[in-house]
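Report on the structure given below.
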Amino acid sequence: MGTILLKNLKNELENSIRKAVDLEEIVIVFSRPPDFKLGDIATPLSFELAKKLKKNPMQIAKDIVDTIILPEGIERAENSGGYINFFFDRKYFSKKTVMTIINENDSYGKGEEKKEKVMVEYSQPNTHKSFHIGHLRNVCLGDALANIMEFSGYPTVKANYIGDVGAHVAKCLWGYMKFYNGVVPEKNRGEFLGKVYSEADNKLKKSEDYQEEYKVVLKNLYEEDKRTMDVWRMTREWSLEEFNRIYKELGVNFDIFFYESEVKDEGTKIAKELLDKGVAKNKDGAVIVDLKEYGLDEFVILRSDGTALYSTKDLALAEKKFQDFKIDLSLYVVGSEQKFYFKQLFKTLELMGFSQAKRCYHLSYELVMLEEGKMSSREGNVVLYSELKDVVKKEALKQVRERNISNAESISEIVTLGALKYSMMKDNNKRIIFNWKKALDFEGDTAPYIQYAHARASSILKKIAVFTSEFEIDELNEKEYKLVSLLSELPEIVEKASIDYRPDYVSNYVYDVAKCFNEFYHECHVINAESNKEFRASLVKATKIVLHNALALLGIKAPEEM
RNA sequence: GGACCAGUGGCCUAGUGGAUAUGGCGAUAGCCUCCUAAGCUAUAGGUCGGGGGUUCGAAUCCCCCCUGGUCCGCCA
């Protein structure tokens, strides 16, 4: 890992300020001035000090500006209404930044290697149900989060946890055996099961006789009746095949797959052990952990009939993660409706004595909804991932063909997946109201816009006969410098995203970079540049690297042309 | 009833203690003999849900209220 210029400058500057102020225990906050003309970084420190020193903030700022010994690379400090604004040696900064990016290339933005091992659990689809656009949000967010953790230096394990047991499976199996027994669809077998599930659920609501039949299937499933298990294994495989096809298409690679069916027995054992240890207690035949003193109610960890619950299995899975995989941080990407549940789970893990319980984090996200309301696999009013992908792909293909580009098929695939993923990357505390018009929009704040900027940068570089990363800078104009300045921020953005678990920091950033590049591109010619030609070429290369690296964190490919 | 999340121009959105609130969509007016127009430029559009408070400074923190959503299940 090379030097992170911007961060180093800030550190050195902080030291200089400390010396100038000569006070212990002050927190120095930096911000960006609203305009580059005012400086490169600023601090409102004097307002903070005014209280302590009982002096006018303007005077304090002036004193600091007069006495501070600035580190190398920072030209001057200015007092502006109490703010202290610092000006970089911009040519030096630009040259250093661009050269650093080009040298580090794919590693630019990478954080220092860390010892703590992270596991990100995401996707967690249920077999025997359809994979819809709500599931897509989870995969996109989870994969981006895992990529960000890894890039910021944590050894990271990408984990999936498949829900292959439970009532929904029994419903689907009942429906299959009742109405489709022996049917093996040619293709899209997973989707077929999704439809069977929805149909079964509907019919079960309407008939008590059906209910009785279903209960037998449920019992058979729990008791691992041979015939039922055969159908279960076959259909389960259909769903898994479909999931794997989707993951492959999305370019998502899990390191490990867990299955509910594999941890339920271990979970049952744990629940009983907790009962013996006194961590849990018996209530009406069920095993519960009393969390009332933590404001978390009672947590049921085993049914009174002795069968496993979601919680039972999650306890076993967590133990496996801590003990077998030796992870230090455990991140769960799961919908926000399970917030309370995860608080209970983490508290219980803590009571079980796992030190890692404090480093468990539930990254929650809100639903993807349709304009007419919530989607429900049960109701069957869902937009399937495959439907959405096909429609978007068709539009992308149409648009690529209009542009006369040779490998239309692969480019349109890249554009399609980029557009889908990027749209899922928004603030996870907000609902996404899905609509087709927006899904087919490739302009403005979208992935294709960013990919397009990358393609243009690539195109320029191809047209430059001799590329040299040796350059001097004459005069820097505003567009050039603004771009440099933004590019210098990637390492900090990645770091912040990994600390706050916020993939959207990266998606917002990469959009800003693309926008800034487009503005630069329109104002500053590169190939026929009258000045700064070599510098601009290098700047374009650096931009391409930053766009590529940031998009890669989001799991989005950066095409050479489009 | 209790808890949590959200509320920013017509719509979507950035910003969670700092300077004049960021962009996008849509609208209007321009820019392809010039490195790809999936682009760029300009214009119009704002009680940052409402009201109090803390602070030198609040979209951001505290309190109350309104609206929408979620959870409080031996479902996941």
Side-chain angles (χ1 to χ4, degrees), chain A residues 29 31-35 38 42-48 50-51 56-57 80-83 85 124 126 129 163 166-168 260 283-288 295-298 300-314 334-341 343-344 364 366-367 369 374 396 399-400 402-405 415 419 426-433 435 437-438 441-453 455-464 504-505 508-509 511-512 514-515 517-529 536-537 540 561-562:
Chain A
V29 180
S31 61
R32 271 229 190 265
D35 195 289
L38 290 168
T43 178
L45 178 68
S46 37
F47 296 110
E48 205 62 42
K51 263 178 284 187
N56 183 331
S80 167
Y83 281 90
N85 294 335
Q124 310 110 322
N126 285 330
K129 277 193 188 178
H168 75 277
E260 284 189 27
K283 191 188 177 188
D284 306 326
V287 181
I288 66 148
L296 295 173
D297 220 325
E298 287 174 343
V300 185
I301 60 171
L302 197 65
R303 282 200 190 93
S304 50
D305 66 1
T307 57
L309 281 154
Y310 187 48
S311 54
T312 320
K313 294 172 258 185
D314 250 333
V334 179
S336 60
E337 67 276 11
Q338 293 185 45
K339 273 186 173 177
F340 187 71
Y341 166 79
K343 279 186 185 165
Q344 292 181 314
S364 69
E366 287 289 331
L367 295 175
M369 297 180 53
K374 271 169 88 163
Q399 292 201 30
V400 173
E402 282 168 9
R403 288 172 171 80
N404 251 340
I405 284 168
V415 168
K426 298 291 168 190
D427 183 344
N428 34 21
N429 286 321
K430 284 179 182 171
R431 276 170 288 181
I432 291 176
I433 314 289
N435 84 63
K437 192 168 171 279
K438 235 171 155 180
D441 186 11
F442 300 152
E443 288 167 20
D445 187 6
T446 66
Y449 173 93
I450 301 162
Q451 291 171 318
Y452 183 62
R456 292 170 102 168
S458 305
S459 167
I460 292 173
L461 293 171
K462 264 177 229 150
K463 285 183 179 160
I464 290 171
D504 56 319
Y505 287 177
N508 290 332
Y509 169 75
Y511 172 67
D512 284 343
K515 175 142 184 75
F517 175 71
N518 278 330
E519 287 168 20
F520 158 82
Y521 174 97
H522 276 272
E523 194 162 306
C524 310
H525 228 273
V526 180
I527 295 170
N528 302 318
R536 284 181 184 173
V540 170
E561 58 170 342
M562 67 182 272

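Note that this is a predicted model, so its numbers are computed, not measured. Sequence lines set the chain letters: A, B, ... in the order given, protein chains first and strands last, and positions in each chain run from 1. Heavy-atom basis, side chains included; hydrogens, waters and symmetry copies ignored.
On the P atoms, B/A59 is 9 Å away from B/A19, given to the nearest whole Å. Across B/C32 and B/C12, the matching C1' atoms stand 30 Å from one another, rounded to whole Å. Taking atom C1' on both B/G15 and B/U22, the two are 7 Å apart, rounded to the nearest angstrom. Only the P atoms considered, B/G39 is 11 Å distant from B/G24, to the nearest whole Å. Here the separation of B/U67 from B/G50, taken at their C1' atoms, is 11 Å to the nearest Å. B/A58 and B/G45 have their C1' atoms separated by 25 Å, given to the nearest Å. Nucleotides B/G17 and B/A42 are separated by 31 Å at their P atoms, to the nearest Å. Taking the P atom of each, B/U13 and B/G7 are spaced 8 Å apart, rounded to whole Å.
Listed pair A/K437 / B/C25 fails the phosphate criterion, with no side-chain N or O lying under 4.0 Å from OP1 or OP2. One finds a side-chain N or O of A/Y449 lying less than 4.0 angstrom from the OP1 or OP2 phosphate oxygen of B/C40. Of the side-chain N and O atoms in A/K343, none sit less than 4.0 angstrom from OP1 or OP2 of B/C4. A close approach under 4.0 Å does not occur between any side-chain nitrogen or oxygen of A/K51 and OP1 or OP2 of B/U55.
Counting to the nearest Å, the C1' atom of B/C4 and the CD atom of A/E366 are 10 Å from each other. Between the CD atom of A/E402 and the P atom of B/G39 there is a distance of 14 Å, rounded to whole Å. The nearest whole Å value for the distance from the NZ atom in A/K430 to the C1' atom in B/U16 is 12 Å. Atom CE of A/M369 is separated from atom P of B/A6 by 17 Å (rounded to the nearest Å). In this structure, A/K438 atom NZ and B/G24 atom P are separated by 15 Å, rounded to whole Å. Between the CD atom of A/E519 and the P atom of B/U41 there is a distance of 5 Å, given to the nearest Å. Between the P atom of B/C40 and the CG atom of A/D445 lies a distance of 12 Å, rounded to the nearest Å. The distance between atom OH of A/Y505 and atom P of B/U16, rounded to the nearest whole Å, is 7 Å.
In this structure, the side chains of A/L45 and A/V29 stay at 4.5 Å or more apart for every pair of heavy atoms.
Between the side chain of A/R403 and the base of B/A38, at least one donor-acceptor pair of N or O atoms lies under 3.5 Å.
Among the atoms of the strands shown, base atoms are found under 4.0 Å from some heavy atom of A/E48. Across all strands, A/V400 comes closer than 4.0 Å to base atoms (heavy-atom distances). The residue A/P34 sits close to a base: some heavy atom pair falls under 4.0 Å. Residue A/S80 is classed as a base contact, given a heavy-atom separation below 4.0 Å to a base. No contact: A/A453 has no heavy atom under 4.0 Å from any strand. Counting non-hydrogen atoms under 4.0 angstrom, A/S459 reaches a base of the nucleic acid. Residue contacts shown for A/V540 are absent, as no nucleic acid heavy atom lies under 4.0 Å away.
You'll find that the side chain of A/Y511 is closest to B/G23, out of B/C56, B/A37, B/G23. The side chain of A/R456 approaches B/U36 more closely than any other nucleotide in the set B/U36, B/U13, B/C56. Between B/A19, B/A38, B/C5, one nucleotide has an atom nearer to the side chain of A/K339 than all others, and that is B/C5.
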B/S/- contact track for nucleotides 71-76 of chain B, protein heavy atom under 4.0 Å | SS-BSB
Test side-chain contact (heavy atoms from CB on, under 4.5 Å) applied to A/L296 and A/F340, step by step = CA-CA 8 Å; A/L296 295 173; A/F340 187 71; 3.9 Å; yes
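B/C35 has its base stacked against the ring of A/H525, the centroids being under 5.5 angstrom apart at an interplanar angle below 30°.
Stacking of A/R456 on the aromatic ring of A/Y521 is recorded, both the 6.0 Å distance cut-off and the 45° axial limit being met.
B/A27 is paired with B/U43 under the criterion used here, namely a Watson-Crick or G-U wobble arrangement in which both key atom distances are under 3.5 Å.
Residue A/D35 is the one, among A/A396 and A/D35, whose nearest nucleotide of RNA chain B lies closer to the 5' end (criterion: closest heavy atom).
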